[in-house]
Amino acid sequence: MAERKKEGKSSVVIKIAKILYTLLFVAIAAGILLIVMETFIRGDFLEAKKWMEEHYNPFILNYLIFIVFFLLFLGLFNDLLFSTFAFSLFILLLSFINRYKYMFLGENLYPWDILLYQQMFNLFPELIKEVDQQKLILASITFVVIMAALIFIKKKITFAVFRLDLLKRLVLIVLSVGLIISFFAFRSTPLKHLFQTLQITHINWNQDSNYRINGFMLSFVLNTESTIVFPPQGYGKANILQTVGDLEERLPQEKPVNQLEQKPNIIFIMNESFWDPTQLQSVTFSKDPMPTVRQNQIGWLLSPQFGGGTANIEFEALTGFSVSFLPTGSIAYQQFIGRPTPSLATVLTKQGYEATAIHPYYDWFWNRKNVYKHIGFHKFVSLDDFEKNKAEYRGPYIADLEVTKEIIKTTEATEKPDFIYAVTMQNHGPYEKGRYGNVRVNIESSQLSEEARGSLETFTQGVYDADQALAELMEYYEKSEEPTIIVFYGDHLPFLGADYLTYKEAGFVDGEWSLDEYRKMRTTPLVVWNNFSEDIPSLPETISPSFLAPYVLDLAGIEKPLYYRFLEEFSHQMPGFTTSVKSDGSGELHKSTPENVKPLEDTYLRLQYDLLFGKQYSMDALFEGMKLE
């Protein structure tokens, strides 16, 4: 009997020892993986070490999140070796995606990026080309060695053989999932007090600082609360109708000054990454790469994005909504447009226009195939259509000149006036040296590295081609009897090397990120041209895409619905409206909305919420009885 008791005690001790050893292993492995992740993302172990020392509290929370996730993997797989393998793979994959997304787009990985899985899978082969193959091989060898060591440990050390019965596994999974949910919904759980005690701040207005200070995993958790858009305080039918009533009283309908006998074609061309490279004053160009744009430029577009996120600029220009009211880093097309939504296309369709979207790339990209239907386009000409017509490529993408030809073909084929929103693709990055073979514009600079000079020269050739394509389009409509308006602009500045390499080497920015630097890194040339009048509406020098439509409708001689009259009023006060920087009617820059503009901003926010997320109480009044299908 005594021996049995002794054996029982010994068995209990062994079980407790196994649990303690397993927890110790989890704690050590989680710490190592956290350091590996932050080192890979930051590009330097010393930077990761500096972060751990200077931001100890965020480091601890990241560490706790890692442990909880590791325990979840342990509960799911019930095998220490396989759980370690799966969790390591999970962390390395997140690190890889975040690192290269930041390199290409200057943006970290956000929770809502999981909705872009189709784009990620389709672009993965292109992404692999940009990976340092030697580092990838070294990482793979290291991973194999670690796994071999774990297999050895499993065979030689008994605690590595971790097994739980079904009930204990379920308990571990439920506890882990509960803690994970608590982290993601921390504001509604007791963890809120822990975050407050540790003085954790969600820096959602500056995601670079957010990820740099709080670390990847904690920032990802903090951003999760932004995936849900909550209604403005007091939102309801009575509140919205009161807001609309005030607007109707303040902004009565007025007859357009330019009423034409024939409604003009309205053509928007959002040219991929179009920007004026001659703004880099330390660089010499053999000739002007954009003479047509320079001759017809009337101002600057203040883009809400840098280096990517094209769909958000398109979203603003077509809907008149602002991404400033959406979660930082989100893609409106991908996340928020899932039902009929008013846009410039729906407004012009009501006026008898044929609405066509043109983009020489995959129709699934940024969910355009579905979004264009929701916002009122009759037709979408995508990559498949261009390839059926054997369109010419320039580099890896369809040439801008082919988009010009498609625009002309579209207007020739219809009796109605046309509204066309064309998004080009030719000058999409990356801008590898020699992409176009011989270039028409040579550049010289003693300040640029070979890498920066090569990418800038390639980009500049794309600008030259875009300018030539625009010139051909204008030449055609100059001779056409159909009245036509052309609005041309770049969606955002190009990504020219990691950490703004070319811009910094050329002295265009120094990385201190003053308001003026944000402005410089967000403004692209804007052209508004027509073939029937010398009178161009007076636009602010710098304007957000959201506010273009009212001015174009004025030029076209089309009565503006109440919503567009409101956008015009807002643009008089704050024509440049982004999260990073704002510019008022006098051109003064602001980080936050000035007090005198906040009432208008509140109205803008409420109307956008109602039309995009809410019950659309304001639809009838704002768009004069327009019905969406």
Side-chain angles (χ1 to χ4, degrees), residues 10-41 48 52 58-98 109 111 114 139-140 142-186 189-191 194-195 214-222 224:
S10 176
S11 176
V12 170
V13 169
I14 290 173
K15 286 181 179 179
I16 293 173
K18 272 191 173 186
I19 292 172
L20 291 176
Y21 284 137
T22 300
L23 291 175
L24 180 61
F25 179 87
V26 167
I28 293 172
I32 292 172
L33 285 171
L34 172 58
I35 294 169
V36 168
M37 171 181 254
E38 290 295 335
T39 298
F40 184 77
I41 288 174
M52 290 185 284
F59 164 69
I60 291 299
L61 273 178
N62 275 272
Y63 180 53
L64 291 176
I65 294 169
F66 263 65
I67 288 176
V68 172
F69 268 102
F70 201 150
L71 291 175
L72 173 61
F73 275 72
L74 203 57
L76 290 172
F77 299 113
N78 203 26
D79 182 291
L80 187 59
L81 175 63
F82 192 78
S83 298
T84 304
F85 172 82
F87 185 60
S88 300
L89 198 61
F90 172 67
I91 294 303
L92 290 174
L93 185 62
L94 285 180
S95 305
F96 174 85
I97 294 172
N98 187 81
L109 185 68
I114 60 174
S140 301
T142 303
F143 190 72
V144 170
V145 170
I146 291 172
M147 295 317 301
L150 287 174
I151 292 172
F152 175 80
I153 290 171
K154 185 175 181 179
K155 288 182 177 179
K156 296 295 183 180
I157 303 177
T158 56
F159 87 84
V161 184
F162 179 84
R163 289 286 186 274
L164 289 174
D165 59 44
L166 182 59
L167 180 61
K168 289 175 182 175
R169 283 182 68 190
L170 288 175
V171 170
L172 181 58
I173 291 171
V174 169
L175 285 175
S176 301
V177 170
L179 283 170
I180 289 169
I181 292 173
S182 295
F183 275 116
F184 282 110
F186 72 95
T189 72
L191 283 176
L194 174 62
F195 278 59
N214 289 322
F216 173 83
M217 196 63 85
L218 178 56
S219 296
F220 194 88
V221 165
L222 291 170
T224 304

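Residue L89 holds its CG atom at 12.0 Å from OG1 of T84, rounded to the nearest 0.5 Å. In this structure, the separation between CG on N78 and OG on S83 is 7.5 Å, given to the nearest 0.5 Å. Between the CG atom of N98 and the CZ atom of F40 there is a distance of 9.5 Å, given to the nearest 0.5 Å.
The closest side-chain heavy-atom distance from L218 to F59 is not below 4.5 Å. Here the side chains of I181 and V177 are in contact, with some heavy-atom distance below 4.5 Å. A 4.5 Å side-chain heavy-atom check between F77 and F85 finds every atom pair outside the cut-off. Looking at F69 and I65, their side chains come closer than 4.5 Å, going by heavy atoms from C-beta outward.
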Could you go through F96 and L92, starting from their C-alpha distance and side-chain angles, then the distance that decides it, and tell me whether this counts as side-chain contact (heavy atoms from CB on, under 4.5 Å)? CA-CA 6 Å; F96 174 85; L92 290 174; over 6 Å; no
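Legend: residues meeting side chain to side chain contact (heavy atoms under 4.5 Å, CB included) with L76, ordered by chain and number and at least two apart, are L72, I173. L194 is linked by a side chain to side chain contact (heavy atoms under 4.5 Å, CB included) to L61, L191, L198, counting only residues two or more places apart in sequence or in another chain. For I60, the side chain to side chain contact (heavy atoms under 4.5 Å, CB included) partners two or more places apart in sequence, or in a different chain, are Y56, L64.
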Per-pair distances, 0.1 Å, donor-acceptor, side chain in residues 23-36, under 3.5 Å, sequence neighbours excluded:
none

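N62 contributes a side-chain N or O that, together with a main-chain N or O of M217, makes up a donor-acceptor pair within less than 3.5 Å.
Ring geometry for F87 versus F66: interplanar angle over 60°, hence perpendicular rather than tilted (30 to 60°).
Applying the salt bridge (Lys or Arg N to Asp or Glu O under 4.0 Å) rule to pairs touching residues 28-41 yields E38-R42, sequence neighbours excluded.
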